[in-house]
Amino acid sequence: MPARLPRFLAVDWNGTVVPWFGESPYPGAIETLHALRAQGVYVVIVSHATPQQIQCDVARVGCEADEVHGVGAKTPTLVQLADRYGDGVMVGDSPQDARAAQAAGLPFIQVCFEGMSFLGGGLGPLRDWAELDLLLAG
């Protein structure tokens, strides 16, 4: 892991940690998030879902996160996190995630699993959860 990790990591759920609700996590996703938490990174799941739906799915796969948010729009939550913790990064899979991160002033890492195309920009594409430490190092 890099010498200086962000204070928080905001993570989208569907397409990022799991392909879709009810499915198995992508290889290494849960282990990577748990390792970051163990190193003091505040891990927050921010999903475009109902609070109950996302909380149930996060619990189902055994993901330990400091906060779990089911929201209609991610930007307000990301802005609140940035205000509270300052230094953070958003990990997601969609243009909406990239726009929310940009609006909150956060660097963005786009996952590119299962044939997803890289949008460009940000800290680069994440093609395997094992690569996250390299991308966080910038």
What are the two closest heavy atoms between [X] and [Y], and how far apart are they?
X: C63; Y: I45; result: SG-CD1, 4.5 Å
X: W129; Y: A29; result: NE1-CB, 3.3 Å
X: P107; Y: L123; result: CB-CD1, 3.8 Å
X: P19; Y: E23; result: CB-OE1, 3.0 Å
X: C112; Y: P125; result: SG-CB, 3.7 Å
X: M116; Y: G15; result: CE-O, 3.3 Å

Under the side chain to side chain contact (heavy atoms under 4.5 Å, CB included) rule, collect the residues that match up with [X], sequence neighbours excluded.
X: E131; answer: L126, R127, D128
X: Q53; answer: F21, A49, T50
X: S94; answer: Q96, D97
X: A104; answer: L78, V79, L106

If you measure from [atom1] on [X] to [atom2] on [Y], what distance do you get to the nearest 0.5 Å?
X: Y85; Y: Y42; atom1: OH; atom2: OH; answer: 3.5 Å
X: R37; Y: H34; atom1: CZ; atom2: NE2; answer: 7.0 Å
X: D93; Y: Q110; atom1: CG; atom2: CD; answer: 7.5 Å
X: D87; Y: L5; atom1: CG; atom2: CG; answer: 9.0 Å
X: W20; Y: W13; atom1: CH2; atom2: CH2; answer: 13.0 Å
X: L132; Y: L9; atom1: CG; atom2: CG; answer: 6.0 Å

Review point. Does F108 have any ring pair (Phe, Tyr, Trp, His ring centres under 6.0 Å) partners at least two apart in sequence or in another chain, and if so, which?
Key: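 Ring pair (Phe, Tyr, Trp, His ring centres under 6.0 Å) check on F108 returns nothing, list empty.
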Exercise for review: Determine whether L36 and L136 make a side-chain contact, defined as any pair of heavy atoms from C-beta on separated by less than 4.5 Å.
Suggested key: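 Contact flag for L36/L136 side chains = yes.
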Point to revise | Those residues that, when tested against D57, pass salt bridge (Lys or Arg N to Asp or Glu O under 4.0 Å) (two or more places apart) | key: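 Salt bridge (Lys or Arg N to Asp or Glu O under 4.0 Å) list for D57, sorted by chain: R60.
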Applying the 4.5 Å side-chain criterion to the ILVMFWY set and letting contacts propagate, would [X] and [Y] be lumped into a single cluster?
X: F8; Y: I109; result: no
X: Y26; Y: V46; result: no
X: I30; Y: V41; result: yes
X: V43; Y: L81; result: no

Review point. Would you say H48's side chain and G72's backbone share a donor-acceptor pair under 3.5 angstrom?
Key: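 Indeed, once roles are kept as given, a pair shorter than 3.5 Å links the two residues.
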